[in-house]
Amino acid sequence: MLQCEQKSPDQISGEIIISFPDGAQRQFNRGVTGFDIAQTISPSLAKRAIAVKLNGHLCDVMAPIWCDGTIEIVDRDHQDALGIIRHDTAHIMAEAVQMLYPQTQVTIGPAIENGFYYDFYRETPFSTDDLKQIEDKMREIMARDEKFVREEWERADAVQFFRDKGELFKVELIESIPGDEKISIYRQGNWLDLCRGPHVPSTGKVGTAFKLMNVAGAYWRGDSNRPMLQRIYGTAWRTQKDLDSYLHMLEEAERRDHRKLGKEMGLFHLQDEAQGSVFWHPKGWAIWIALETYLRKRLRDAGYQEVKTPQLMDSRFWEASGHWGKYRENMFVVPDVVPNTDEVGKIFKEDPKKFLALKPMNCPAHVQIFKQGIKSYRDLPLRLAEFGCCHRNEAHGALHGLLRVRQFTQDDAHIFCREDQIMDECVKFCELTKSIYSDLGFENYVIKLETRPEKRIGSDELWDKAEAGLEQALQKLGMNYTISPGDGAFYGPKLAFIIRDAIGREWGCGTIQLDFNLPERLDALYTAEDGSRQRPVMLHRAVLGSIERWIGIMIEHYAGKLPLWLAPVQVVVATITDAANEYAQSIVQDLKSRGIRAELDLRNEKIGYKIREHSVAKTPILAIIGQKEAENDQIVLRYLSQEDQLTLSRADALARISADTKMPE
RNA sequence: GCUGCUGUAGCUCAGUGGUAGAGCACUCCCUUGGUAAGGGAGAGGUCGAAGGUUCAAGCCCUUUCAGCAGCACCA
């Protein structure tokens, strides 16, 4: 955020022309403040103003304006207000912390999505108990209603000042500010901090709808080789109501946590001996199979052929693909030696001469399939799909339920095609992805174009061509996208599809990656129309990304209440009395023979108890069977979260359940 | 991997140096009950692991493993 644009000091008199958002223009004396201007509109607006936006730049209400421009008065309801409020709150927190813990050094404290943080350097870590005290102190500072005052200092003075105070991190920050920028300081009462601004007029205007959330470690300047700082996270909002609804959203996210629901619903578990790999239980695996069956159909319809490739391959293979050089730290490597069976001694009798690695990606293996026999231009585009089980040696701290695992299955495919087919294949992929996301209940997503990273293979000319290719496909589809520089894979640029879930969180899932490098490295060729040998282009693509992760996301998106066709148990047939057992059994048989996932509950419990238990377990359909139904060949259906129940003939009920549990076409 | 926090019954958790607890789940018995918890009884724990302090450790100390949050990594 920049301070007000300023002209040179010789232009301090005369008049300037200020335009307003409604198009009106008025003249003011040079050096007028945003507050003065707001005052001329209405005193109440001036009172409400927390900043002004001049020519698109936010500045303090009290900053003098030296040049012509368009002005917006920023009040609490303005879209930029929250960022300012959060940044102010961070400053107030920093003062509170230094009042309570004088040995603490301040570093940086920006506004972030949903709140703010401030990183401190202190020998003793903060505890969550400290947060309450800090909050109380912050409320005192707000009650004092100190003015935020901006000052501009000479660089040397600022360095001297902070060095004398022992604020060595601030000194480093000042020294890293480009030479032509002013050093601005904000003062609030006796406390001050290096800051670009802007700030609200005074600490009393920040508002008290804030809460300190948690404490965590964070590296100075995000560098794992530099000191670990103590970061305090807080959240701040315009109103108490907004704060409450944010806290409620967090509770909702916790309630939906797939690790918790997965346990409750008996879907899967994780255990120490297999960190980062999933034990799928029958019910969780039922979801997997339903999803995979659906994807197989979609892939087949889209012209893909399914393959399966080896799990363990020689290191020479990975050297050729480039993974050994660029990706090895993420791979599991196994020595190709017979283990020692003696109870004592070394695990291996001899030092290994050869190594095998578990595949972290499927791409090089698919190239091998492409290379078998001679391919013609008539074979292109050749689309090879695999539900490929990959292993990646992720850092312990990175593992997280199903969302970040070490063994995962990609809905992977590689399209081998000519350069002139790239556009068409990208377009087809984007359309397929959109349709699958829609079937699975994700209508909102954004696309990012991720370009060349620092660690990469291939010439700059190839990268230029690849990045341009993806961008053209997007433009042809008329899809909105943003560019994310340096985030591409080491072999090529990519499009990333980022979905938004039911409570607004974003997840990167689908991807299509353009690759001119691997076909060359692994020497893939086809025979062109003129008989010459040509390199195919390779498109790496996945719709869901990792199936494990996707199921985790779906559990949270649906809070466990998956669409009927994906539900692990679709119907529970529950009896009211033993007299109906035989009839109930025959219904379950009928359901199962129609491919419906049905269970039978004959337990000696009252029907109210059974209904409650299966409802809590999120069973979408309950079939209630009493003596009456057994006698009349009927079934009572009760759908989850619907009050009404339906009494249907057996045939009608079965037909209805079949229709409701059908997989999308 | 780094920083902090946590680790007690299948699950959720209580237990601040002196004989391990609750609710739910589980097993058995009674009950055959018509739409979100019927009643009774029982079983279940090397208190994450190893070492130490102490007459005495779930509790204090050290080491270690794992989980959680964030960072870094990754997509």
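The shown structure was predicted, so the numbers you read here are calculated from the model rather than taken from an experiment.
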Suppose the criterion is ring-ring contact (aromatic ring centres under 6.0 Å, His included): which pairs have a residue in residues 103-124 of chain A, not counting sequence neighbours? Y117(A)-Y233(A), Y118(A)-F120(A), F120(A)-F126(A), Y121(A)-F169(A)

Close approaches to RNA chain B from residues 260-282 of chain A, in residue order (heavy atom, under 4.0 Å): K263(A), D272(A), Q275(A)

Which nucleotide in the set A75(B), C73(B), A69(B) lies at the smallest distance from any side-chain heavy atom of N214(A)? A69(B)

Closest listed nucleotide, where the reference is the side chain of V636(A) and the choices are C71(B), U35(B), G33(B): U35(B)

Listed nucleotide nearest any side-chain atom of Y327(A), set C73(B), A75(B), G34(B): A75(B)

Tabulate atom names and distances for all N/O pairs under 3.5 angstrom spanning the protein and nucleotides 26-29 of chain B.
none

Nearest-angstrom distance from the residue atom NZ of K610(A) to C1' of G38(B): 14 Å

Any donor-acceptor N or O pair under 3.5 Å, side chains R549(A), T409(A): no

Could you give the distance separating C47(B) and G51(B) at their P atoms, to the nearest angstrom? 13 Å

Identify whether NZ of Lys or CZ of Arg in R86(A) sits under 6.0 Å from the centre of the six-membered ring of W237(A) and within 45° of that ring's axis. yes

Name the nucleic acid region contacted by R392(A), choosing base, sugar-phosphate or nothing; use a 4.0 angstrom heavy-atom cut-off, strictly under. sugar-phosphate

Under 3.5 Å, is there a donor-acceptor pair linking the side chains of N393(A) and N330(A)? no

Atom-pair distance (CG on L403(A); C1' on C68(B)), nearest Å: 14 Å

Does the pair R406(A)/E394(A) count as a salt bridge with the N-to-O cut at 4.0 Å? no

Identify, between S615(A) and E394(A), the residue whose nearest nucleotide on RNA chain B lies closer to the 5' end. S615(A)

Can you tell me which stems RNA chain B forms, taking runs of 3 or more consecutive Watson-Crick or G-U pairs with both distances under 3.5 Å? B:1-7 with B:65-71, B:10-13 with B:21-24, B:26-30 with B:38-42, B:48-52 with B:60-64

With heavy atoms under 4.0 Å as the rule, sort R638(A) into base, sugar-phosphate or nothing. base

Nucleotide C71(B), atom C1' - distance to CZ of F126(A) in whole Å: 16 Å

With respect to the side chain of H400(A), which nucleotide from A69(B), C74(B), C71(B) is positioned closest? A69(B)

With 3.5 Å as the limit, what N/O pairs link the protein to nucleotides 1-3 of chain B?
residue	atom	partner	partner atom	Å
G1(B)	OP2	H396(A)	ND1	2.2
G1(B)	N7	G397(A)	N	3.3
G1(B)	N2	Y219(A)	OH	2.6
C2(B)	O4'	Y219(A)	OH	3.3

C1' atom, G18(B) versus A57(B): distance in rounded Å? 10 Å

Please determine, by modelled atom types, if H540(A) and D412(A) share a side-chain donor-acceptor pair under 3.5 angstrom. no

Tell me which of K448(A) and I625(A) sits closer to the 5' end of RNA chain B, going by the nucleotide each one is nearest to. I625(A)

Of the nucleotides U32(B), C71(B), U35(B), which one has an atom closest to the side chain of I607(A)? U35(B)

Between T309(A) and K359(A), is there a side-chain donor-acceptor contact under 3.5 Å, judged purely by atom types and distance? yes

Those residues at least two apart in sequence (or on a different chain) that pass ring pair (Phe, Tyr, Trp, His ring centres under 6.0 Å) with Y609(A) are none

Rounded off to whole Å, could you give me the CZ-to-C1' distance for the F120(A) and C71(B) pair? 16 Å

Categorize Y233(A) for me: base, sugar-phosphate, or nothing, with a 4.0 angstrom heavy-atom threshold over every strand shown. sugar-phosphate

Whole-Å distance between U12(B) P and R259(A) CZ? 12 Å

Distance in angstrom units between L449(A) CG and A75(B) P, rounded: 16 Å

Using a cut-off of 4.0 Å on non-hydrogen atoms, how would the nucleic acid contact of E629(A) be classed: base, sugar-phosphate, or nothing? base

Per K606(A) side chain, nearest of listed nucleotides G38(B), C71(B), C74(B): G38(B)

Report which part of the nucleic acid Q627(A) touches: base, sugar-phosphate, or nothing (heavy-atom distance under 4.0 Å, all strands). base

